[in-house]
Amino acid sequence: MSIQDIKVPDIGGDEKVEVIEVCVSPGDSVEADDSLVVLESDKASMEVPAPLAGKIVTVKLRVGDKVGTGDQVLTLEVLEASGESTESKDEEPSAVTAISAEEPPAKNESPVDNKSVLESIAVPDIGGAENVDVIEVCVSTGDAVAEGESLIVLESDKASMDIPAPFTGVVESIALKEGDKVSKDSTILVLRLDKPVATLQAKQSEANSIVEADRAVSSTVEEASDHGTVTSVAEIKASTSTAGNSRDDGHVYAGPAVRKLARELGVDLSTVNGTGPRSRILSDDVKGFVKQSLTSENTSSGSGVPTIADVDFSQFGSIEAEAMSKIGRLTAENMHRNWLNVPHVTQFDDANVDELEDFRQSLKAEAKNRDTKLTPLPFILLACAKALADNPKFNSSLQRNGEELVYKHYINIGIAVDTPVGLVVPVVKDVNKKTLWQLAEETAVLAEKAKNRKLSMKDMQGSCFTISSLGSIGGTGFTPIVNSPEVGILGVSKLAVKPVWNGYEFLPTKMLPLALSYDHRVINGADAGRFMTSLTATLADFRRVVL
Ligand code: CAO
């Protein structure tokens, strides 16, 4: 058993590259050729594989570190029994790491001049495999490719592997397509190089390929094409990821080009489903993932609730579209926010307003003299003020942290007013301190201002509770939405004469349908029951308002 320092191999040049993935942790057992770290330059990404089987002792790098040739990656405890030769600590990194390789012999090099030259790139030695499927062509004609970027991906029944560009250049033409079968020396494409090979070939580009379970294909490649140019792939590296599992041991089954694309787009590859053979993640999978993310963002509300798809109604008949008013849009937004944030419960009751209605009718002449109108609303306002005073939780608001209730020592009540441009809620201040006549006048003024769009911001602020009265319109009941941060809202429907049992007989009685919606985070059912009982008691016997 010996401890080996594993270093960054020759990655070509003095440039430092970023560590984008650390694939192992101390204590992990690795097989020869398992990926240890993934590095990424602005040209390509590359994996540093384990040169030998062993156990990770320490990891010297972290994601985000910048490293260059010879920097230490980790220390590996190597089992002599593996039969592998081991290197001493001080050996050159290129000898240790699988992704660096011997210099390829440059056969039939292109002329050494400064003009751009065409290089035919052929399939390197792929471990003796023949008639291997091309499962992905990663480039198109005209693409600029950097040395090390994937050109094609091959898949045999034993392994899949990326074939990287041996040089930086522009794709002049492509000689194969997905589904073709290739062997060593099959032409992949023609690359236009800025510089002749002789000045480039000294640097060997590493290959990165991922293969199925426990198959390690490794071969050093140096070859000349028919045109006499050099194609070289340092080593085709195999990982031990299990076939069909793109995330074995947290590893992602994707080539360097796909990894680079994912990095550029900010995609976490471990969340992408691979649709390639054996769940390999293809560039189209990454693009599809981004597209889907963008689409789902556009089709969901802020709370992640899917929205309802637009329908082309014109297919069913004539239509007309009208822009929503600003008030309408704001109301929609507020209603949606309140509906989603507030757990609503609505409690129903009918108030016996027989006597109240007699009283109100008796005041009609006086109201006329005062040049006002006495509807049920001012009575309901005063009865609510009394119920709020008796049940202060209804006059509170829950702080956003959910840990504090704020009790208000004033009683301001909003009244929902229906206007041609939408719903507005002016606020009657200090309701409990006002007389019926004051409330009658004030509600009439506020309603008028609302309908004429004359309300100021001040008119609409500071509400503790809201009344929404549809009594003049109709209906037997509805469930109003709490106007958060208030915790309660009273819906008033049209009073109706109903038969009420008095213990001896049914008597025709004027009953006012009430619906109390409340925020169940703050108000319990019993609280609501008490509030409603106070309210109906006051409306049934209005003298109680002064108690
Ligand atoms: N049952 C029976 N009749 C009622 C009643 C009730 N609950 N409430 C009011 N009425 C009667 C009034 O007494 C009045 O009749 P008279 O003139 O014979 O007395 C008539 O209906 C019209 O009243 P009003 O609407 O002019 O006055 P109001 O004080 O009752 O209401 C206001 C004022 C501003 C609340 C009302 O005009 C309004 O806009 N209501 C709609 C509120 C709304 O849209 N709520 C829904 C919000 S959620 O979408």
Side-chain angles (χ1 to χ4, degrees), residues 324-325 327-339 342 344 346 348-354 356-368 370-384 413-428 431 434 436-455 459-460 463 465-484 486 488-498 509-517 535-536 539-540 542:
M324 279 181 78
S325 68
I327 290 178
R329 291 201 307 273
L330 282 174
T331 301
E333 213 173 280
N334 287 340
M335 290 295 178
H336 195 202
R337 187 195 60 211
N338 295 337
W339 180 256
V342 177
H344 281 76
T346 305
F348 301 93
D349 207 347
D350 284 351
N352 181 335
V353 290
D354 243 8
L356 185 83
E357 274 298 288
D358 288 348
F359 182 41
R360 189 172 74 88
Q361 295 301 331
S362 72
L363 291 170
K364 277 225 159 174
E366 194 178 336
K368 202 170 176 187
R370 286 175 173 268
D371 200 21
T372 189
K373 199 168 80 165
L374 196 59
T375 67
L377 188 59
F379 295 89
I380 298 168
L381 275 165
L382 274 181
C384 282
I413 300 179
I415 47 168
V417 177
D418 177 40
T419 78
V421 288
L423 177 70
V424 287
V425 187
V427 181
V428 184
V431 174
K434 290 178 176 163
L436 270 180
W437 298 122
Q438 285 173 316
L439 292 173
E441 280 162 28
E442 196 171 330
T443 51
V445 168
L446 287 173
E448 195 59 23
K449 276 171 90 175
K451 282 164 188 166
N452 296 321
R453 307 174 78 171
K454 292 277 191 295
L455 288 172
D459 286 331
M460 292 189 282
S463 177
F465 183 83
T466 296
I467 296 172
S468 175
S469 174
L470 294 177
S472 63
I473 300 167
T476 57
F478 63 104
T479 55
I481 295 175
V482 172
N483 191 17
S484 192
E486 297 162 30
I489 181 168
L490 183 73
V492 181
S493 295
K494 195 177 184 69
L495 76 79
V497 178
K498 293 182 181 173
T509 311
K510 292 186 180 109
M511 302 298 286
L512 184 68
L514 303 172
L516 176 70
S517 292
L535 187 61
T536 52
L539 291 171
F542 207 67

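FYI, side chains are in, hydrogens and waters are out, and symmetry mates aren't considered; it's all heavy atoms of this structure. Small disclaimer: the values here were computed from a predicted structure and weren't measured. Position 1 is the first residue of the sequence; numbering continues from there. Ligands are counted one by one from 1 in listed order, and the atoms in each one are counted from 1 as well.
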- Query: Considering residues at least two apart in sequence or located in another chain, which fulfil the salt bridge (Lys or Arg N to Asp or Glu O under 4.0 Å) criterion with Lys434?
  - Reply: Glu442

- Under the salt bridge (Lys or Arg N to Asp or Glu O under 4.0 Å) test, residues paired with Lys498 that sit two or more places apart: Asp350

- Evaluate the ring planes of Phe379 and Phe542, with Trp represented by its six-membered ring, and classify them as parallel (under 30°), tilted (30 to 60°) or perpendicular (over 60°). perpendicular

- Compare all side-chain heavy atoms of Arg360 with those of Val353 and state whether any distance is below 4.5 angstrom. no

- Message: I'd like to check Pro376 versus Glu357 (side-chain heavy atoms, cut-off strictly below 4.5 Å). Are they in contact?
- Response: yes

Could you pull out all donor-acceptor pairs under 3.5 Å where a side-chain atom in residues 468-481 meets a protein atom, sequence neighbours excluded?
| unit_1 | atom_1 | unit_2 | atom_2 | d |
| --- | --- | --- | --- | --- |
| Ser469 | OG | Gly471 | N | 3.3 |

- List, ordered by chain and residue number, the protein residues whose closest non-hydrogen atom lies under 4.0 Å from any atom of ligand 1. Arg360, Lys364, Lys373, Thr375, Pro376, Leu377, Ala416, Val417, Asp418, Leu423, Ala447, Lys451, Ser468, Ser469, Leu470, Gly471, Ser472, Val492, Ser493, Lys494, Leu495, Leu512

